[in-house]
Amino acid sequence: MTEQADLHADAEVGGSNHGFDPAARLAERRDRNLDRDLQPADRVAARTRMAPDPRGTRPDYGDERLVFAANNYLGLAQDDRVVRAAQQAARSVGTGAGASRLVTGDTGLHRALERDIAVAKGTERALLFSSGYAANVGTITALDPDVIFSDELNHASIIDGCRLSGAETVVYDHCDPNSLAEEMAARNISGEADEQCDANVQRDADESWLVVTDSVFSMDGDVAPLAEICDVAERFGAWVMVDEAHATGLYDGGGIVQRDGLADRIEVQMGTLSKALASQGGYIAGSEPLVEHVVNAARSFVFSTGLAPPAVGAAREALRIAREGDRREQLWDNVEYLRDGLTSLGYDVLGETQILPVLVGSRDDAVALADRIRDCGIVAPAIRPPTVPEGTSRIRVAPMATHTTAELDRCLDAFEIAGQERGLL
Ligand SMILES: Cc1ncc(COP(=O)(O)O)c(C=O)c1O
């Protein structure tokens with residue numbers, strides 16, 4: 001045994017956690033119903049076999065289930081063309097980037113996908129990160145704003161970016177441009193909103209203000225009013241950053257920014273390769289100076305290995321298919337079919353996107369419903385507080401382009417059985 005291993009063994013035998021007690025922290029989390037379990041699946045597709053969390057041992061997969069819980073919206077994660085592109089990238093470029101992009105990990109393949117994303121997003125340039133999380137945290141900190149205005153339901157990676165940046169962060173009401181305008185006016189010392197100004201908070205002429213919002217919100221399936229948000233931001237001289245994680249590849253070959261024709265009003269478009277593009281990684285898209293600044297200043301870019309070439313190759317092919325193929329139409333057909341079916345059963349389905357949050361109400365009903373549909377072979381998670389407000393627990397249903405009509409019907413049957421048994425219908 002090495003000297004170091006010896007020390008670890010002594011610490012365990014001695015039983016001292018030196019202030020760290022993971023078991024106690026876990027128990028406390030369980031007491032508050034906040035613990036989570038992993039759930040191994042044997043493949044990423046519309047049908048998969050799943051297992052209960054085996055902790056450190058081998059998963060024991062059960063029967064095949066239909067997955068209505070993934071963000072693999074276009075069902076491309078096992079598409080032959082995408083798989084071949086990943087294999088080709090591994091063979092011709094390598095399985096890993098081998099170093100940070102700023103050292104030797106900057107390959108022609110990375111550059112090719114960045115050009116494709118810039119075209120899809122209508123910007124001068126794009127930049128890849130090793131995840132969407134890294135893209136948000138790295139970009140927000142690199143922008144180093146004085147004040148950030150953030151939608152109250154923004155994704156955790158945006159919240160962490162705000163925290164890490166050290167900026168004053170002002171949270172405005174969800175998808176509410178009026179609330180955004182009020183918050184901005186309260187910090188403004190000049191212009192039309194003077195009378196609402198808080199004398200203690202004065203805006204310096206060269207203070208930098210950033211508005212940041214998801215475009216599609218993953219738990220509510222709704223869409224930020226981006227044009228109105230841009231109107232407000234422009235009035236107050238703020239920049240706008242939009243997270244298109246759940247929209248990339250699904251709207252006009254780009255995201256909501258493309259659908260709404262706003263590319264020239266939004267300074268930073270951000271997104272992931274990990275959802276509709278069936279891969280891994282994140283990106284930002286914007287002006288040449290912005291991207292060049294982020295290359296230099298985003299620590300999650302500078303101090304992290306470049307995105308693995310197979311992920312780049314897969315995402316590039318998935319983006320091509322998303323833009324040119326008919327997968328998007330298939331997805332939207334399935335979304336409409338399922339939304340209509342669930343609504344006809346008597347469920348309240350929120351949102352206006354491919355994410356169908358089925359409102360249930362109480363935490364217990366949502367968990368019971370999710371368990372029962374699971375018995376019927378359908379996987380769709382119960383989303384409960386604190387992820388969503390008390391009394392708005394829901395089942396998040398996310399169909400894929402590759403679900404057949406028979407599979408959508410099985411999902412509807414399961415919701416009917418479960419809802420009736422629970423007295424919800
Ligand atoms: C809105 C949003 N932003 C960012 C992320 C992070 O992306 P990634 O999973 O690629 O790290 C996610 C996904 O979990 C997300 O839903």
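Just follow the structure's listing: the first ligand is 1, and inside any ligand the first atom is 1. Residues: numbered from 1 along the sequence shown.
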So, do Trp239 and Phe149 have ring centers that fall under 6.0 Å from each other? no
List the closest protein heavy-atom neighbour of atom 6 (C) of ligand 1: residue, atom name, distance to the nearest 0.1 Å. Tyr133 N, 3.5 Å
Test of ring centre spacing under 6.0 Å for His155 and Phe217: no
Would you check if Leu412 and Tyr337 make a side-chain contact, meaning some heavy-atom pair closer than 4.5 Å? yes
Run the contact test for Gly282 against ligand 1 with a 4.0 Å cut-off on heavy atoms, strictly below, and give the result. no
Going by the order shown, which atoms of ligand 1 are within less than 4.0 Å of some heavy atom of Ala245? 1 (C), 2 (C), 3 (N), 15 (C)
Quick one: look at His246 and ligand 1, take heavy-atom pairs under 4.0 Å, and tell me if it's side chain, backbone, both or neither. side chain
Please examine the side chains of Val242 and Val212, heavy atoms only from C-beta on, and report whether any two atoms are closer than 4.5 Å. no
Side chain proximity check, Asp220 to Arg394, heavy atoms < 4.5 angstrom: yes
Among non-hydrogen protein atoms, atom 8 (P) of ligand 1 lies closest to Gly132 N, 3.4 Å
Quick check: do Leu273 and Leu128 have side-chain heavy atoms less than 4.5 Å from each other? yes
Quick one: nearest non-hydrogen protein atom to atom 5 (C) of ligand 1, plus distance? His155 CE1, 3.4 Å
Check: Met270 N/O within less than 3.5 Å of ligand 1 N/O: no
Approximate separation, where rounding is to 0.5 Å, of Met241 CE and Asn136 CG: 4.5 Å
Enumerated ligand 1 atoms positioned under 4.0 Å from heavy atoms of Asp214: 1 (C)
Quick one: does Lys275 get an N or O within less than 3.5 Å of an N or O on ligand 1? yes
Shortest reach to atom 1 (C) of ligand 1 by a heavy atom, considering only Asn154, Asp243, Asn71: Asp243
Could you list the atoms of ligand 1 found under 4.0 angstrom from a heavy atom of Ser274? 8 (P), 9 (O), 10 (O)
Can you report which non-hydrogen protein atom sits closest to atom 7 (O) of ligand 1, along with the distance? Thr272 CG2, 3.1 Å
Please check if the distance between the ring centroids of Phe129 and Tyr283 is under 6.0 Å. no
